[in-house]
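One structure is given here, and the rest of the page talks about it.
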Amino acid sequence: MNGKTMRGLRAAALTGTLLLGAAQSLTPAFAADPIKLGVLEDQSGDFAAATIGKVHAIQLAAEEINKAGGIDGRPLELVIYDTQSDNTRYQEFMRRVLQRDKVDAVFAGFSSASREAYRPIVNQFDGLAFYNNQYEGGVCDANMIVTGAVPEQQFSTLIPWMMEKYGKKVYTLAADYNFGQISAEWVRNIVKENGGEMVGEDFIPLGVSQFSQNIQNIQKAKPDFVVTLLVGTAQASYYEQAASANVNLPMASSVNVGQGYEHKRFKPPSLKDMYVTTNYIEEIDTPASKDFFAKFKAKFPDEPYVNQEAENSYLAVYLYKQMVERAKSTKRDDLRKEIAKGDVCMDAPEGKVCLDPKSQHMSHTIYLAKVGADHSITFPKVWEGIKPYWLGEAGCDLTKSDPSAQYTPSNPPPKN
């Protein structure tokens, strides 16, 4: 990221409102009041490497929409704050954008801990928040729309494929908070369902960067592959340490590469034979992906990587546009009536995506990305149109009731 871009983001974090700069002069003259979108993302701190692209993607989508006439003739105005990878700032800024700035919707959060920090505030003020991140699943909340992938889309594809290719002894290394713990539960269940064996699990506190004991545990357990659910800059240190210790085991992940582009940040062959299920990364070689990548890099040439969270955020703005134009309203209840029809879909850079009316989560094309010894990416398998089926099948139905709760496989929704 160049100095000019960083200064612009810092200024936005201080003032709260981000004008669309020189592009504003290229947009039509708008007679109607703007539609205001709050953007609460980590532009600094431990998660910034994976999340600055989310802010850029929202800026790109907003600029394109404004150039094309806005949403029903109304321009988009972005109100951006840097949450600094700090959950208390999510709470502070969520209150600010909903109470003071009076935004129509909020795009917010990277970690699941940050989402759970702000979600009660969104409920309190009856707001509408888009969570544009891959996560551990389970949120059944009418105030939330989730455009990221969930475990039944990522693990139900990834884990059986890995077990068939490499063997049935599995070791999980996960971040020690709700994302890692619940994701590990999903892995545990899918391994068992497919006749496999968990030979070890380690949960690592956020911020930890030394893994010698974990590496010894893995070498002693002798798994066929390791599931890595590590999050943030510090925990990414595992990969080079494991390579130095000659662990030399295949890895499976729902978060690495697709979010933190570790294959670009670390020297080969640190991530050799890592397999990741992701709904988007910049190496996807389709016309839609290449077009999105070209537009993104043209606007933000210094962006180091266009990750799945950037694509999720980009498509979320267009999804919001579609819902508002269909509903002729920005009110949450009016937008939810459109979602309930079951046909809120769009052609995204990854492929066609649709919102599930029961859970307000999104279907995805899931790409199995393999990291080679030289850190190049290939795609051994692609699954199209994978639905976020678990919540709806388990009993979450936001068209009928709103529990505003998060569920897990061991604590599913109550059956009505």
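Because only heavy atoms are used, hydrogens play no part in the values below, and waters and symmetry mates are left out as well, while side chains stay in. Here the structure is a predicted model, which is why all the values come from computation and not from measurement.
A pairwise comparison of heavy atoms in Val199 and Lys169 identifies CG1-CB, 3.9 Å as the closest pair. Between Leu271 and His375 the shortest heavy-atom distance is N-NE2, 2.9 Å. Smallest separation of non-hydrogen atoms from Arg74 and Thr330: NH1-CG2, 3.9 Å. In plain terms, the two heavy atoms of Leu368 and Pro380 that are nearest each other are O-CD, 3.0 Å. Between Ala48 and Ser85, the shortest heavy-atom contact is N-OG, 4.2 Å. Between Asp402 and Cys140 the shortest heavy-atom distance is OD1-O, 4.1 Å.
The only option from Tyr135, Tyr131, Phe130 that meets the ring pair (Phe, Tyr, Trp, His ring centres under 6.0 Å) definition with His361 turns out to be Tyr135. Just one of Gln59, Glu309, Lys54, Lys295 meets the side-chain hydrogen bond (donor to acceptor under 3.5 Å, both in side chains) condition when paired with Tyr314; it is Lys295. For the side chain to side chain contact (heavy atoms under 4.5 Å, CB included) test with Arg332, the passing option among Leu128, Asp104, Val122 is Leu128; the others fail. For the pairing with Tyr280, the ring pair (Phe, Tyr, Trp, His ring centres under 6.0 Å) check across Phe292, Tyr367, Tyr305 returns one residue only, Phe292. Remark: of the listed residues Glu325, Arg326, Gln322, Arg326 is the sole one forming a side chain to side chain contact (heavy atoms under 4.5 Å, CB included) with Glu338.
Under the 4.5 Å side-chain criterion, counting only non-hydrogen atoms from C-beta, Val170 is not in contact with Pro223. In this structure the side chain of Ile58 reaches within 4.5 angstrom of the side chain of Leu78, judged on heavy atoms. A 4.5 Å side-chain heavy-atom check between His364 and Ile366 finds at least one atom pair inside the cut-off. Using a 4.5 Å heavy-atom threshold, the side chains of Val317 and Phe107 count as touching. Inter-residue side-chain proximity for Tyr275 and Lys165 is flagged as met; some heavy-atom pair is nearer than 4.5 Å. At a threshold of 4.5 Å between non-hydrogen side-chain atoms, the residues Met274 and Lys370 do not count as touching. Side-chain contact between Asn178 and Gln406: present, with at least one pair of heavy atoms (C-beta onward) separated by less than 4.5 Å. Asn256 has its side chain out of reach of Leu229: every pair of non-hydrogen atoms, C-beta onward, lies at least 4.5 Å apart.
Separation of atoms OH (Tyr118) and CD (Gln91) is listed at 12.0 Å; rounding is to 0.5 Å. Ile284 CD1 to Ser289 OG: the interatomic distance, rounded to the nearest 0.5 Å, is 5.0 Å. Taking CG of Asp356 as the start and CG of Leu398 as the end, the distance is 8.5 Å to the nearest 0.5 Å. Between the CG atom of Asp202 and the CD1 atom of Ile204 there is a distance of 5.0 Å, given to the nearest 0.5 Å. Annotation: the span from Lys352 atom NZ to Cys345 atom SG amounts to 5.0 Å, rounded to 0.5 Å. Remark: Ile159 CD1 to Thr277 OG1 distance equals 7.5 Å, nearest 0.5 Å.
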Item checked: Residues His56, Glu41; criterion side chain to side chain donor-acceptor pair (under 3.5 Å); working and verdict -> CA-CA 11 Å; His56 289 168; Glu41 297 290 357; over 6 Å; no

Check: Could you walk me through whether Gln308 and Asn312 pass the side chain to side chain donor-acceptor pair (under 3.5 Å) check?
Finding: CA-CA 6 Å; Gln308 70 177 350; Asn312 291 339; 5.1 Å; no

Check: Can you check salt bridge (charged side-chain N to carboxylate O under 4.0 Å, His left out) on Lys299 and Glu64, steps first, answer last?
Finding: CA-CA 11 Å; Lys299 183 169 177 61; Glu64 291 175 350; over 6 Å; no

Checklist line | Steps toward side chain to side chain contact (heavy atoms under 4.5 Å, CB included) verdict (Val106, Leu40) | finding: CA-CA 7 Å; Val106 189; Leu40 310 185; 4.0 Å; yes

Next item on the list: Show your reasoning for whether side chain to side chain contact (heavy atoms under 4.5 Å, CB included) applies to Leu249 and Tyr171.
Entry: CA-CA 10 Å; Leu249 286 169; Tyr171 198 111; over 6 Å; no

Next item on the list: Could you give me the CA-CA distance, side-chain angles and deciding distance for Thr51 and Asp42, then say whether side chain to side chain donor-acceptor pair (under 3.5 Å) is met?
Entry: CA-CA 6 Å; Thr51 57; Asp42 302 324; 4.8 Å; no

Item checked: Check against side chain to side chain contact (heavy atoms under 4.5 Å, CB included), Gln259 and Asn133 -> CA-CA 9 Å; Gln259 291 188 159; Asn133 249 77; 3.3 Å; yes

Next item on the list: Start with the C-alpha distance between Asn279 and Glu311, add both sets of side-chain angles, then the distance that settles side chain to side chain donor-acceptor pair (under 3.5 Å), and finish with yes or no.
Entry: CA-CA 9 Å; Asn279 61 281; Glu311 192 254 5; 3.2 Å; yes

Notebook entry, point to check: Going through the distances and angles, do Phe203 and Thr172 end up as a side chain to side chain contact (heavy atoms under 4.5 Å, CB included)?
Noted result: CA-CA 8 Å; Phe203 293 94; Thr172 294; 5.6 Å; no

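Trp390 and Tyr407 have their aromatic ring centers separated by at least 6.0 angstrom. Aromatic rings from Phe225 and Tyr166 are positioned such that their centres are separated by 6.0 Å or more.
The local environment of CD in Glu384 is sparse, with at most 12 non-hydrogen atoms from other residues, nucleotides or ligands closer than 6.0 Å.
Not a single donor-acceptor pair under 3.5 Å links the side chain of Asn194 to the backbone N or O of Gly196. Here the side chain of Ser253 pairs a donor or acceptor atom with the backbone of Thr228 at under 3.5 angstrom. Formation of a donor-acceptor pair under 3.5 Å by the Lys102 side chain with backbone atoms of Gln99 is found in this model. The backbone N or O of Phe211 lies less than 3.5 Å from a partner atom in the side chain of Gln241, making a donor-acceptor pair.
Between Phe47 and Phe110, the angle of the ring planes lies from 30° to 60°, which puts this pair in the tilted group.
For Glu116 and Arg119, the salt-bridge test passes: some basic side-chain N is under 4.0 Å from an acidic carboxylate O. Taking the charged nitrogens against the carboxylate oxygens, Lys297 and Glu303 have no contact shorter than 4.0 Å, which rules out a salt bridge. Ionic pairing of Lys290 and Asp285 is present here: one or more N-O contacts between side-chain nitrogen and carboxylate oxygen are shorter than 4.0 angstrom. Taking the charged nitrogens against the carboxylate oxygens, Glu201 and Arg188 do have a contact shorter than 4.0 Å, which makes a salt bridge.
Of the N and O atoms on the side chains of Glu185 and Ser410, at least one donor lies less than 3.5 Å from an acceptor on the other residue. Looking only at atom types and distance, the side chain of Ser112 has a donor-acceptor partner in the side chain of Glu136 under 3.5 Å away. Side-chain contact, Glu282 with Asn307: no donor N or O sits under 3.5 Å from an acceptor N or O. Under 3.5 Å, the side chains of Ser237 and Gln210 contain no donor-acceptor pair of N or O atoms.
Figure legend: Arg95 and Phe93 shown without cation-pi pairing, the cationic atom not lying both under 6.0 angstrom from the six-membered ring centre and within 45 degrees of its axis.
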